[in-house]
Amino acid sequence: MLDRKFIVENAELVKENCRNRGVKVDVDRFIELENQRKSTQTELDEWNRRANEVSKSIGKAKDTAEREARKEEGRQLREKAAAAEAEMNSILDELAAIHKSIPNLSHPDAPIGADDKANLERFRGKTPVPTLDFQPLDHVQLGEKLDLMDFEAGARVAGHGFYFLKNEAVLLELALQQYAVQFLLGQGFVPITTPDLARNDVLEGTGYIPRGPETQIYSIEGTDLSLVATAEIPLGGLMAGQTVEADVLPLKYCGISHCFRTEAGAHGRATRGLYRVHQFTKVEMFAFTLPEQSEAMLDHLRDMECRLFDGLGIPYRVVDTATGDLGGPAYRKYDLEAWMPGRGEYGEVTSTSNCTDYQARRLNARYRVKGEKGTRFLHTLNGTAIAISRALIAVLENHQQSDGSVAVPDALRPWVGKEKIEPKSAA
RNA sequence: GGAGAGGUGGCUGAGUGGUCGAAAGCGCGGGUUUGCUAAACCCGUGACCUCGUAAGGGGUCCGCAGGUUCGAAUCCUGUCCUCUCCGCCA
């Protein structure tokens with residue numbers, strides 16, 4: 001959420017930003033309601049003040065008659081206060097509904113555009129896109145040849161979008177986690193595993209919508225819990241309602257969690273194989289910072305992602321996400337898109353966002369500076385270190401050899417325990 | 001799942017109908033003293049909303065939501081959470 005006062009004082013800026021983001025919001029109505037809120041608040045305060053005054057005077061009443069008269073007066077004042085409060089509540093409800101739909105501001109350098117077609121390539125990774133002298137297979141074909149995954153069994157057990165990983169794919173999953181965590185550990189991140197479920201108010205605080213027809217979220221029937229779509233959710237929730245001392249910032253976490261997504265409405269495109277699945281494992285970076293630290297932290301997180309994928313020998317490009325494609329909470333976002341030879345195109349493998357104080361305000365995550373009065377909102381940032389399913393695609397497809405085997409990237413060999421993945425028993 | 005106990009300010013923890021935004025201690029900030037450090041002593045110290053240039057005023061908040069009452073941290077109902085014991089279990 002944006003600061004209410006800020007919205008009122010910068011109405012034109014907020015409106016323009018909503019247009020750039022392709023979000024329809026009635027900012028004028030918000031301002032009207034905000035003014036109503038203030039005047040109703042003043043009215044309510046006044047009734048309460050007079051009622052409190054009367055209550056205090058009752059103890060000092062001279063006789064029963066006066067006491068009863070004052071009680072009656074108090075009753076009436078409380079009734080007026082209750083009426084003002086009811087009005088207040090309906091104003092607050094409408095206000096909150098609009099407030100929630102106003103997206104974060106956008107970084108001035110973020111490309112302006114309606115959707116991902118307007119995303120701007122900033123630079124490419126160290127590994128060049130290879131020119132292959134053979135027809136590359138996609139990861140599904142490779143997986144079949146090398147006996148690495150079973151989509152049919154996944155569908156049998158849990159439906160389309162679920163899968164079993166087998167053999168070296170399992171070793172690769174574990175290796176990728178080790179690789180990412182060990183690297184980030186060396187960069188000062190605190191490793192952490194998270195709950196795979198979270199309360200719905202934590203989901204909402206991080207900007208996810210747990211219910212409704214377009215929800216990406218699986219919810220647990222009969223409870224207030226949902227399966228998390230990313231470790232960003234529990235990691236954001238880590239600080240919900242907390243106030244930290246400024247001198248402990250920035251806090252950098254690398255969280256491992258499972259991610260569950262319904263992918264509602266996403267069928268038909270890129271649903272083959274591991275690209276768009278209902279469950280995957282992810283190593284996620286998350287940072288809480290001071291406001292003046294967040295821009296540098298975003299660059300840092302992006303740099304971590306680049307180094308991880310450079311280290312795997314995977315070609316990628318970095319795109320600066322266009323305003324219309326930022327989603328609600330992000331102020332600026334970079335995606336890494338890895339080259340996927342099987343598709344013959346780039347596909348998103350990581351994403352890092354600076355959410356400034358937008359999530360923190362909803363989560364009520366604050367910091368305090370010693371010697372200063374009051375508290376302020378933290379800035380939150382998140383970034384994918386490795387999303388296993390998509391990283392697997394990139395590793396398998398980019399390191400495939402003409403003989404159908406897959407070379408294990410040097411960086412993963414210590415954990416995979418071999419240099420090459422070859423077809424099982426002569427088939 | 002069964003039985004209890006409890007949720008109060010940055011922390012510990014008093015407070016069972018009005019004078020309680022809330023004792024006390026710790027912590028924190030400022031000051032006195034001081035060769036330095038420490039100690040001692042004194043003063044101050046919650047958040048949010050709102051009016052005001054300011055000084056300052058008003059309102060709300062004792063897990064959350066309702067209820068009783070002129071008046072609720074305190075009584076009632078619901079709910080969430082935490083802890084202890086038992087059972088079950090990786």
Side-chain angles (χ1 to χ4, degrees), chain A residues 1-9 30-96 98-99 193-205 210-211 219-226 234 237-249 251 256 258 288 290 357 360-378:
Chain A
M1 287 187 290
L2 293 180
D3 181 51
R4 285 201 307 257
K5 228 176 270 171
F6 181 89
I7 297 168
V8 172
E9 286 165 8
F30 183 89
I31 291 168
E32 187 187 336
L33 284 165
E34 178 64 6
N35 289 331
Q36 280 179 32
R37 181 187 69 81
K38 282 191 197 178
S39 58
T40 307
Q41 180 75 57
T42 308
E43 194 191 327
L44 174 59
D45 286 356
E46 180 61 15
W47 292 125
N48 276 328
R49 189 189 63 76
R50 287 168 61 179
N52 287 341
E53 219 170 67
V54 168
S55 290
K56 278 182 191 151
S57 75
I58 286 177
K60 298 177 201 132
K62 291 194 286 288
D63 52 52
T64 313
E66 189 187 332
R67 189 185 310 270
E68 287 311 313
R70 299 244 102 185
K71 279 191 185 181
E72 180 52 30
E73 195 184 344
R75 254 191 293 271
Q76 283 176 14
L77 288 167
R78 294 287 169 188
E79 261 171 46
K80 305 244 190 186
E85 201 179 339
E87 192 189 339
M88 188 67 169
N89 284 336
S90 87
I91 292 169
L92 287 176
D93 283 350
E94 196 185 341
L95 207 50
I98 300 177
H99 199 177
T193 64
T194 77
D196 286 335
L197 275 68
R199 293 181 192 292
N200 289 332
D201 57 338
V202 174
L203 282 269
E204 282 164 19
R211 301 192 200 290
S219 49
I220 308 291
E221 196 177 324
T223 71
D224 190 33
L225 294 167
S226 297
L238 194 71
M239 226 35 114
Q242 305 294 302
T243 303
V244 298
E245 295 296 335
D247 53 21
V248 309
L249 300 169
L251 289 169
I256 304 175
H258 298 103
F288 297 97
L290 295 172
D357 60 4
R361 189 170 285 110
R362 263 193 211 180
L363 289 166
N364 192 24
R366 299 160 173 274
Y367 70 92
R368 185 194 349 264
V369 178
K370 270 195 176 59
E372 271 182 30
K373 227 178 134 53
T375 56
R376 295 173 206 235
F377 292 109
L378 293 164

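Within every chain, numbering begins at 1; the chains are lettered A, B, ... in the order of the sequence lines, protein sequences first and strands thereafter.
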Within the structure, does a side-chain N or O atom of [X] lie under 4.0 Å from either OP1 or OP2 of [N]?
X      : N     : result
A:N52  : B:G71 : no
A:R78  : B:U69 : no
A:R199 : B:C81 : yes
A:R75  : B:C70 : yes
A:R49  : B:U50 : no

Whole angstrom value for the distance that separates [atom2] of [N] from [atom1] of [X]:
X      : N     : atom1 : atom2 : value
A:L44  : B:C61 : CG    : P     : 10 Å
A:H99  : B:C49 : NE2   : P     : 12 Å
A:D224 : B:A65 : CG    : P     : 15 Å
A:D201 : B:C64 : CG    : C1'   : 11 Å
A:E53  : B:U19 : CD    : P     : 15 Å
A:E66  : B:C70 : CD    : C1'   : 13 Å
A:K56  : B:G71 : NZ    : P     : 14 Å

What integer number of Å spans the [atom1] atoms of [N] and [M]?
N     : M     : atom1 : result
B:G27 : B:U12 : C1'   : 11 Å
B:C62 : B:A73 : C1'   : 5 Å
B:U69 : B:U74 : P     : 16 Å
B:G25 : B:C80 : P     : 39 Å
B:G6  : B:G87 : P     : 24 Å
B:U32 : B:U53 : C1'   : 35 Å
B:C20 : B:A38 : P     : 37 Å
B:G46 : B:C28 : C1'   : 12 Å

Review point. Counting only Watson-Crick or G-U wobble pairs whose two distances fall under 3.5 Å, which nucleotide matches B:A3?
Key: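 Partner of B:A3: B:U84.
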
**Study point:** Partner nucleotide of B:G9 by Watson-Crick or wobble geometry (both distances under 3.5 Å)
**Key:**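 By the stated definition (distances under 3.5 Å), nothing pairs with B:G9.
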
Review point. Do A:E34 and A:I7 have side chains that get closer than 4.5 Å, going by heavy atoms?
Key: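 With C-beta onward as the side chain, the pair stays apart.
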
**Study point:** Distance-only side-chain donor-acceptor flag, A:Q41 / A:D45, under 3.5 Å
**Key:**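 Looking only at side-chain atoms, A:D45 and A:Q41 do form a donor-acceptor pair, the distance falling under 3.5 Å.
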
Check your understanding: Would you call A:E46 and A:R49 a salt bridge, using N to O less than 4.0 angstrom?
Key ->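 Between A:R49 and A:E46 there is a salt bridge, with a charged N closer than 4.0 Å to a carboxylate O.
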
Check your understanding: Ignoring hydrogens and geometry, is there a side-chain-to-backbone donor-acceptor pair from A:R362 to A:E204 under 3.5 Å?
Key ->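 Looks like yes, one N/O pair under 3.5 Å.
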
Review point. Any sub-3.5 Å donor-acceptor pair from A:R70's side-chain atoms to A:I58's backbone N or O?
Key: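 Checked: no pair found.
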
Check your understanding: Which listed nucleotide (B:G58, B:U60, B:C48) is nearest to the side chain of A:N48?
Key ->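 The answer is B:U60.
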
